[in-house]
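Worksheet: the structure to be examined is printed underneath.
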Amino acid sequence: MLPHRNVNRLVGTIRRFMSTASVPRDEPKFTHTINLPKTKFPARLSADKRAELQDRLRKTCFADLYNWQRENLPAEREFILHDGPPYANGDLHMGHAINKILKDLILRHKIVDGRRVHYTPGWDCHGLPIELKALDAYKGTAESLDPLKIRQMARKFALDTIEKQRGEFEQWGVTADWGSSGAWYRTMDVGYIGAQLRLFRELFERGLIYRDLKPVYWSPSSRSALAEAELEYDEAHKSPSLYLKMKIASTGCPTIQERLGEGVSAVIWTTTPWTLPANQGICFNPDLSYSLVETDKRELLLVGTDLITYLSEQLQLSLNKVADIRGSELQSTQYRHPITSEELPFLPASHVKAEKGTGLVHTAPAHGPDDFLVFLNRKTSIKSLIDEAGCYNQSAPDFLRGKFALTEGNQLILEQLRDQTLSCGTIEHSYPIDWRTKQPVMLRASAQWFINTDRLKESALAAVDKIEVYPQTSADVSKKVLRGQLQKRPYWCISRQRAWGVPIPVVYEKKSMTPIVHAGIIEQACRSLASTGNVDFWWSSSVEQLVPKEVLSELNLSPQDLTKGNDILDIWFDSGISWLSVLGRDRTADLYLEGLDQFTGWFQSSLLTSVAARNTSPYRAVFVHGFAVDEHGMKMSKSLGNIISPKDIVKQYGCDALRWWVAAHAIQHTSIPVSHKLLGSSAESVQKLRAIFKYLLGVVSNEDTKELDPAKLFHVDRYFLQQLQQFHDTVFSQFDSYQYNKASTTILTFSVSTLSGFYLHLIKDRLYCGPDDQFHNLRAILTQTLETLCKALWPIAPFLVEECWSYRGSDPFFKSCQQWNRPTPEDATTTAPIIEQALELKRAVYQQSQLDVNTWLLDVEATVPKESLDLLKQLHPTLEEPNCSSELCELLQVGSIALREGEKVGVQVSRKDLRLCARCRRFGVSGQGHVCERCEAVLKVKGV
């Protein structure tokens with residue numbers, strides 16, 4: 001472990017050499033003969049100066065970066081990072097900063113490593129959140145405005161938001177062609193919409209898209225279907241917990257038939273009483289055992305045998321078993337609906353379990369996927385009693401019509417069924433809510449458009465097996481999550497009942513409502529889009545304008561026979577096909593990078609649409625990051641007052657501090673803490689690196705070459721060059737595997753400890769006061785060090801690096817570094833053990849010395865074992881003869897040392913009584929002179 005020294009020690013050293021206070025008045029001054037660091041690079045920047053500098057660098061360096069690397073770096077090594085579109089619905093937050101800066105770290109590393117990058121920023125522009133924001137901003141309601149007006153307002157809101165977000169992304173230094181709108185993609189652009197419409201037709205014609213009546217998540221507050229990715233869950237939601245008797249009307253089961261005259265009821269349990277009017281069956285499992293039980297009131301109930309004890313506790317009733325019944329015997333049983341009194345069947349179903357409930361399941365195919373699947377092959381029409389507002393429609397019983405199902409409906413039904421109720425309580429459980437309105441949703445049968453995910457699952461799962469997942473520490477878990485999401489997805493509802501989005505290009509025959517998807521209709525729409533740029537064409541055009549005459553003739557229909565659909569495509573389909581516009585049909589992205597919530601969102605929708613269209617994944621690898629939380633682990637929100645805005649961070653700490661925080665903290669955990677303490681620490685890290693850059697700029701020269709004279713290298717120089725090479729390789733390896741937290745630690749540790757605390761501290765005498773041949777060699781080493789450090793740091797703190805490089809030449813750093821090789825390799829197999837042995841001895845010397853004594857006044861006598869002595873004599877050839885100018889003295893920072901062989905390490909330290917050289921403050925002066933022999937020779941060469 002290398003000894004740590006504070007960066008500020010360098011500053012103290014410089015001040016000590018420049019100070020004249022400690023020089024006796026009769027001594028001449030030698031400051032002008034010392035090679036002290038000289039640079040105008042500022043030690044610190046005020047907030048105003050930093051903002052001015054960042055703005056200048058964005059305009060002079062970064063504005064040209066993306067196009068320059070496209071033109072100058074080799075195409076055969078191109079790296080494609082496909083940008084997941086941020087939502088154009090508000091101000092940027094820390095989640096955006098994490099996402100965009102992580103992407104930029106990758107892009108800049110590839111560029112500095114000589115690879116061309118392909119990166120097209122994009123925005124997700126459609127959907128309910130933007131529509132609601134637009135309506136809120138313009139003080140309107142969806143009911144009071146026609147779709148064209150809603151679309152006009154939503155588009156303006158999205159465009160205004162994109163402009164604000166684009167400016168802030170550019171402010172963070174994110175690499176892209178921000179100067180031309182054609183270099184971005186937006187899901188509301190003409191070309192994007194045209195490609196989407198053609199893909200819809202293609203997938204429809206291949207049977208992958210279809211229309212059906214199915215239960216889907218429906219948001220009454222949004223009046224639209226929702227995808228699972230658009231749901232959140234209220235963990236403290238309260239629902240009724242109802243145990244209800246359903247009277248058995250007839251049965252083929254002899255055991256029940258014998259007691260039917262006494263009255264036998266099946267018991268069901270539900271937390272959604274509002275669905276009972278749509279009940280069309282009771283499901284049982286033929287493989288389970290059932291029992292007739294008798295209550296204290298001599299009621300006969302049919303329940304699952306394994307659940308008798310559980311039900312007795314839940315109902316607080318004594319349940320005495322009367323008879324056992326095989327599940328298969330319930331096949332022909334009929335019961336009477338508790339509200340309508342119609343006779344309905346018992347139906348066999350494998351999803352019925354004996355884990356909770358009663359072993360018998362209330363089945364409403366309009367309100368549950370399992371229920372729906374049971375009825376899928378039965379020629380029975382499905383009862384759909386709930387309208388788009390979540391209220392009972394005119395087909396519902398009279399007492400329910402117009403009532404909101406989730407609240408008043410529940411209450412009215414509980415009152416209506418009081419006589420058939422065994423128990424009714426309240427259960428607190430996890431319940432889905434609309435991710436935008438935060439209101440409860442319901443499963444509701446609705447005629448919607450779907451993608452047949454069953455046909456895609458096998459290919460999609462095979463594609464997942466081939467992709468890489470980062471961070472690698474959680475790769476297995478992440479792949480398992482993605483596979484699990486794909487496997488459990490029954491179907492994908494891609495239609496939404498809103499105005500702001502891409503239209504589903506379908507017309508319907510009025511009488512039968514049969515959908516008509518026709519190539520002629522879609523091609524005419526795409527031509528109209530391209531020629532007019534009118535993305536509102538579907539809403540502003542009549543059926544006559546949308547359907548070509550030849551299509552009407554082919555269908556043998558008139559425009560009056562048709563009506564156009566009003567649905568839009570799900571925004572997950574909308575954004576999921578972004579690969580089509582950015583990558584085309586043939587290319588695959590090297591990487592997708594988004595938050596872990598995108599396993600249910602963009603990662604999945606992109607994979608499914610790409611597999612559907614071209615039977616391959618759109619990405620070779622995915623990178624997953626977590627979410628920003630406050631220092632207490634709480635999600636940031638306006639209501640909690642714990643938001644820390646990226647804009648405020650940049651103003652207070654600078655862009656590089658924000659970027660350093662992302663690199664250091666954004667990939668280690670799913671919850672990424674944001675606090676002023678951590679941000680302040682990040683700013684301090686950047687400031688430490690600034691101090692080191694200032695020092696290096698002061699000692700190197702614009703005219704320096706990196707040519708070394710090997711004959712003039714000390715062992716410590718060779719050792720440091722090996723450390724420099726290892727540092728370079730380690731950082732670039734960490735960048736290659738996206739371990740930015742480790743890379744930032746490696747950079748800071750090397751800079752503060754290995755470079756500043758170790759090497760610069762040891763060589764300062766040779767650097768400042770040594771002969772010119774040593775000085776030029778050291779400057780060559782430090783020039784190479786500055787270049788390597790800039791190369792390692794540029795992806796994380798590009799503003800600091802470019803500012804530093806502006807003091808070296810006129811070209812930006814990213815242009816200058818492309819011809820550089822890795823640091824000069826040095827064979828450390830012999831040097832490293834020598835230096836490490838010297839450092840062991842140094843620790844022993846410091847334990848014996850007093851901290852307030854100038855170590856150049858120390859005389860050391862040491863005994864070491866023979867194997868150590870053989871190594872140390874490479875640094876101190878005279879061994880037992882005290883020597884004040886050996887490499888070992890420089891390493892130990894002592895006046896002189898004598899070495900002898902001994903059984904173990906032993907050190908004796910004494911203080912010399914001598915005057916130190918007025919110029920170097922290292923070597924002693926004999927007689928009446930002012931300088932040592934070494935400085936006298938150096939001054940003679942300098943002509944002083």
Side-chain angles (χ1 to χ4, degrees), residues 233-248 255-256 259 262-277 279 281-327 330 333 335-339 346-347 349-364 367-368 370-371 406-407 409-432 440 443:
Y233 286 84
D234 178 2
E235 300 298 331
H237 184 83
K238 292 181 179 179
S239 296
S241 177
L242 174 67
Y243 287 89
L244 186 69
K245 296 180 293 182
M246 305 277 230
K247 190 170 183 180
I248 294 178
T255 305
I256 299 176
R259 311 293 295 267
E262 302 172 43
V264 180
S265 295
V267 181
I268 61 96
W269 173 65
T270 181
T271 59
T272 57
W274 63 270
T275 64
L276 286 168
N279 171 270
I282 291 177
C283 282
F284 67 96
N285 190 326
D287 296 328
L288 293 180
S289 174
Y290 291 85
S291 295
L292 281 181
V293 296
E294 188 175 54
T295 71
D296 298 338
K297 297 178 181 180
R298 304 188 65 80
E299 291 181 299
L300 287 173
L301 305 176
L302 177 66
V303 298
T305 304
D306 294 340
L307 290 159
I308 293 174
T309 302
Y310 168 81
L311 283 169
S312 181
E313 294 172 355
Q314 293 294 309
L315 299 173
Q316 296 185 345
L317 287 174
S318 175
L319 300 177
N320 299 310
K321 187 193 294 186
V322 174
D324 287 329
I325 300 166
R326 294 191 307 273
L330 299 177
T333 302
Y335 69 98
R336 201 169 298 284
H337 193 286
I339 296 175
F346 273 54
L347 301 169
S350 60
H351 72 272
V352 178
K353 307 294 181 185
E355 296 167 358
K356 63 179 180 178
T358 68
L360 298 168
V361 176
H362 146 57
T363 302
H367 301 294
D370 289 329
D371 306 40
L406 295 177
T407 53
N410 261 339
Q411 190 59 41
L412 289 170
I413 288 168
L414 291 175
E415 291 173 5
Q416 179 80 8
L417 300 178
R418 185 177 296 137
D419 292 343
Q420 291 109 304
T421 297
L422 282 170
S423 172
C424 184
T426 300
I427 184 173
E428 186 174 291
H429 63 142
S430 178
Y431 191 87
L443 279 163

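Side chains included, hydrogens not; waters and symmetry mates left out as well; all remaining heavy atoms used.
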Rounded distance [0.5 Å steps], CG in Leu319 versus OG1 in Thr309: 9.0 Å
- prompt: Glu299 and Ser265: side-chain contact (heavy atoms from CB on, under 4.5 Å), yes or no, with the steps?
  reply: CA-CA 8 Å; Glu299 291 181 299; Ser265 295; over 6 Å; no
field: Backbone N/O of Pro338 and side chain of Gln420: donor-acceptor pair under 3.5 Å
entry: yes
field: Least distance between heavy atoms, Gly359 atom then Leu307 atom
entry: N-CD1, 3.3 Å
message: Would the distance check show the side chain of Tyr335 and the main-chain N or O of Gly281 forming a donor-acceptor pair, the cut-off being under 3.5 Å?
response: yes
field: Shortest non-hydrogen contact from Leu360 toward Ala266
entry: CD1-CB, 3.7 Å
- request: Would you name the heavy atoms of Thr363 and Cys283 that are closest together and state the gap between them?
  value: OG1-SG, 3.1 Å
- prompt: What are the two closest heavy atoms between Leu443 and Trp274, and how far apart are they?
  reply: O-CH2, 3.8 Å
message: Donor-acceptor pair, distance only, cut-off 3.5 Å: does the side chain of Asp234 make one with the backbone of Tyr431?
response: no
query: Hey, are Ser289 and Thr305 close enough side-chain-wise for a donor-acceptor pair under 3.5 Å?
result: yes
task: Determine, stepwise, if the pair Leu422 / Leu244 fulfils side-chain contact (heavy atoms from CB on, under 4.5 Å).
output: CA-CA 6 Å; Leu422 282 170; Leu244 186 69; over 6 Å; no
- prompt: Can any side-chain N or O of Thr255 pair as donor or acceptor with the backbone N or O of Ile325 at less than 3.5 Å?
  reply: no
- prompt: What pair of heavy atoms forms the shortest contact from Glu235 to Glu428, and how long is it?
  reply: O-CG, 4.3 Å
field: Leu406 to Asn410 - nearest heavy-atom pair and separation
entry: O-ND2, 3.3 Å
- request: Begin with the C-alpha distance, continue with both residues' side-chain angles, and end with the deciding distance and a verdict on side-chain contact (heavy atoms from CB on, under 4.5 Å) for Phe346 and Leu302.
  value: CA-CA 12 Å; Phe346 273 54; Leu302 177 66; 4.0 Å; yes
Atom pair OG (Ser423) and CG (Leu315), whose distance is rounded to the nearest 0.5 Å: 5.5 Å
- prompt: In Å and rounded to the nearest 0.5 Å, what is the CD1 to CG distance from Ile248 to Leu301?
  reply: 9.5 Å
- prompt: Just by modelled atom types, is the Val293 backbone N or O under 3.5 Å from a matching donor or acceptor in the Ser291 side chain?
  reply: no
message: Has Tyr290 got a side-chain atom pairing as donor or acceptor with Asn285's backbone, closer than 3.5 angstrom?
response: yes
query: Can you check side-chain contact (heavy atoms from CB on, under 4.5 Å) on Leu330 and Ile256, steps first, answer last?
result: CA-CA 9 Å; Leu330 299 177; Ile256 299 176; 3.7 Å; yes
query: Donor-acceptor pair, Thr270 side chain versus Thr272 backbone, under 3.5 Å?
result: yes
Val352 vs Phe284 side-chain heavy atoms within contact, under 4.5 Å: no
- prompt: In Å, rounded to the nearest 0.5 Å, how long is the span from CD1 of Ile282 to OG1 of Thr333?
  reply: 9.5 Å
message: Please report the interatomic distance CZ(Arg336) to CE(Met246), rounded to the nearest 0.5 Å.
response: 12.5 Å
task: Compare all side-chain heavy atoms of Ile339 with those of Leu417 and state whether any distance is below 4.5 angstrom.
output: yes
field: Ser312 side chain vs Leu317 backbone, donor-acceptor pair below 3.5 Å
entry: yes
Heavy-atom side-chain proximity of Thr421 to Leu414 below 4.5 angstrom: no
More than 12 heavy atoms of other groups within 6.0 Å of Gln316 CD: no
field: Heavy-atom donor-acceptor pair, Thr275 side chain to His367 backbone, under 3.5 Å
entry: no
- line: dist Leu300:CG -> Arg259:CZ (nearest 0.5 Å) comes out at 5.0 Å
